[in-house]
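Read through the structure below, which is laid out as structure tokens, and then see the notes.
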Amino acid sequence: MGISSSHTENGIIEVTIDFPPVNAIPARGWFELAETITYAGEDPEARVVILRAENRGFCAGVDLKEIQRSTGHDAIIAANRGCAKAFSAVYDCAVPVIAAVQGFCLGGGIGLVGNADVIVASDDATFGLPEVDRGALGAATHLARLVPQHLMRTLYYTARNVSAQTLHHHGSVFEVVPREQLDDTARELAKEIAKKDPMVIRRAKEAINGIDPQRVHTSYRYEQGFTFELNLAGVADHARQAFLDGNHARQANDG
């Protein structure tokens, strides 16, 4: 359980998120993910990194229970700094990062895939930012890299999810496949990239980042300032607890 990495073949490194049951990542997990991806990219033998996940969905965002259990603001600061580190690690990874997304990709998950180089998804995958329902803001920076501006705004304000098929239509998801084919699809794509000259691919990643019109690091940190404001105002705490209480009630009814 946690974050793990494994070398497969031809310089392909797989980084796996595993925080059952829904991959709600605790603060330490975000920092660990950042370190693992950065280390993978620094490996001189690395050609491609695949970011994948076990469990029901790719990522449910931050661990809200961890934040609610804490007193003061240390937990929310750690979660926000951890997310910023992890998102930046994907973007700044020295080699291309392929995100293989199954099930749900929410909150911080959008920050990861929005900064990836390539996205493949299972046909049951959904993507969304429930931040406004949790009393937080952030990752509009990354959602804007997945969908056009006005759709991004609509999804952001409503906290609605969008399907992998819709993202494929807009060109941000490269391929949509049955869940059982997801890992193999990502690996085949990684093999294709890994066959290229490694120096050329590394310089290509650097060049593409250099001409990116959006400064993802600073824009995301700007968004986070409003998250801290909502926390200081007490709005975020009430919103998080309402979500957790409602989720607990739904689980009890299901049982």
Side-chain angles (χ1 to χ4, degrees), residues 1-20 22-55 57-67 70 73-102 105-119 138-139 141-142 145 183 186-187 190 193-194 198 201-202 205-206 208-209 212 215-221 223-224 227:
M1 190 178 79
I3 305 297
S4 62
S5 66
S6 61
H7 290 68
T8 57
E9 56 181 326
N10 303 321
I12 300 169
I13 300 176
E14 294 187 0
V15 176
T16 300
I17 301 169
D18 184 12
F19 292 93
V22 296
N23 289 329
I25 304 178
R28 65 170 178 79
W30 290 107
F31 286 103
E32 185 181 356
L33 180 57
E35 292 172 1
T36 302
I37 293 173
T38 299
Y39 181 77
E42 291 174 347
D43 185 332
E45 300 299 318
R47 305 290 182 90
V48 185
V49 170
I50 297 175
L51 179 59
R52 60 178 302 280
E54 296 291 343
N55 306 311
F58 178 77
C59 180
V62 302
D63 186 348
L64 296 182
K65 292 181 180 179
E66 178 184 56
I67 294 173
S70 67
H73 300 293
D74 287 350
I76 189 66
I77 291 172
N80 276 263
R81 291 187 68 84
C83 283
K85 286 280 189 182
F87 302 169
S88 294
V90 173
Y91 187 81
D92 293 327
C93 185
V95 299
V97 176
I98 298 173
V101 182
Q102 87 277 11
C105 178
L106 303 172
I110 294 293
L112 296 173
V113 302
N115 271 358
D117 295 279
V118 183
I119 307 166
T141 290
H142 311 93
R145 299 167 69 82
D183 283 334
R187 288 163 185 157
I193 297 173
I201 290 297
R202 285 173 178 264
K205 174 70 182 275
E206 186 176 0
I208 290 173
N209 280 6
D212 200 326
R215 300 180 64 188
V216 296
H217 304 84
T218 54
S219 60
Y220 177 58
R221 291 299 280 169
E223 290 185 76
Q224 286 187 321
T227 294

Basic-acidic side-chain contact under 4.0 Å: Glu14, Arg187: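 Yes, Glu14 and Arg187 are salt-bridged.
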Atom [atom1] of [X] and atom [atom2] of [Y]: how far apart are they, to the nearest 0.5 Å?
{"X": "Arg81", "Y": "Phe31", "atom1": "CZ", "atom2": "CZ", "result": "6.5 Å"}
{"X": "Ser6", "Y": "Ile13", "atom1": "OG", "atom2": "CD1", "result": "9.0 Å"}
{"X": "Arg145", "Y": "Ile119", "atom1": "CZ", "atom2": "CD1", "result": "9.5 Å"}
{"X": "Leu33", "Y": "Ser5", "atom1": "CG", "atom2": "OG", "result": "10.5 Å"}

List the residues meeting salt bridge (Lys or Arg N to Asp or Glu O under 4.0 Å) with [X], not counting sequence neighbours, and say none if there are none.
{"X": "Asp117", "result": "Lys205"}
{"X": "Glu66", "result": "none"}
{"X": "Asp92", "result": "none"}

Sequence-distant partners of Tyr91, ring pair (Phe, Tyr, Trp, His ring centres under 6.0 Å), two or more places apart: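 Result, ring pair (Phe, Tyr, Trp, His ring centres under 6.0 Å) vs Tyr91: His217.
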Side chains of Asn55 and Asp18 in contact at under 4.5 Å (non-hydrogen atoms):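 Side-chain contact under 4.5 Å: yes.
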Side chain to side chain, Ile17 and Phe58, heavy atoms closer than 4.5 Å: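 Yes; the side chains approach each other to less than 4.5 Å.
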Aromatic plane relationship, Phe87 with Trp30 - under 30° parallel, 30 to 60° tilted, over 60° perpendicular: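 The arrangement is perpendicular - the two ring planes meet at more than 60°.
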Identify all side-chain donor-acceptor contacts of residues 35-50 below 3.5 Å with residues at least two apart in sequence or on another chain.
{"from": "Thr36", "atom 1": "OG1", "to": "Glu32", "atom 2": "O", "distance (Å)": "2.8"}
{"from": "Thr38", "atom 1": "OG1", "to": "Ala34", "atom 2": "O", "distance (Å)": "2.8"}
{"from": "Asp43", "atom 1": "OD1", "to": "Glu45", "atom 2": "N", "distance (Å)": "2.8"}
{"from": "Asp43", "atom 1": "OD2", "to": "His7", "atom 2": "NE2", "distance (Å)": "2.9"}
{"from": "Arg47", "atom 1": "NH1", "to": "Ala194", "atom 2": "O", "distance (Å)": "2.8"}

Exam field: side chain Asn23 to backbone Glu54, donor-acceptor pair closer than 3.5 Å: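 Yes; judged by distance alone, with no hydrogens or angles, the pair exists.
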Sidechain-backbone polar pair: Glu223 side chain, Ala139 backbone, donor-acceptor under 3.5 Å: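 Side chain of Glu223 to backbone of Ala139: a pair is present.
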Residues that Arg202 engages under side chain to side chain donor-acceptor pair (under 3.5 Å), provided they are two or more places apart: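 For Arg202, no residue satisfies side chain to side chain donor-acceptor pair (under 3.5 Å) once neighbours in sequence are set aside.
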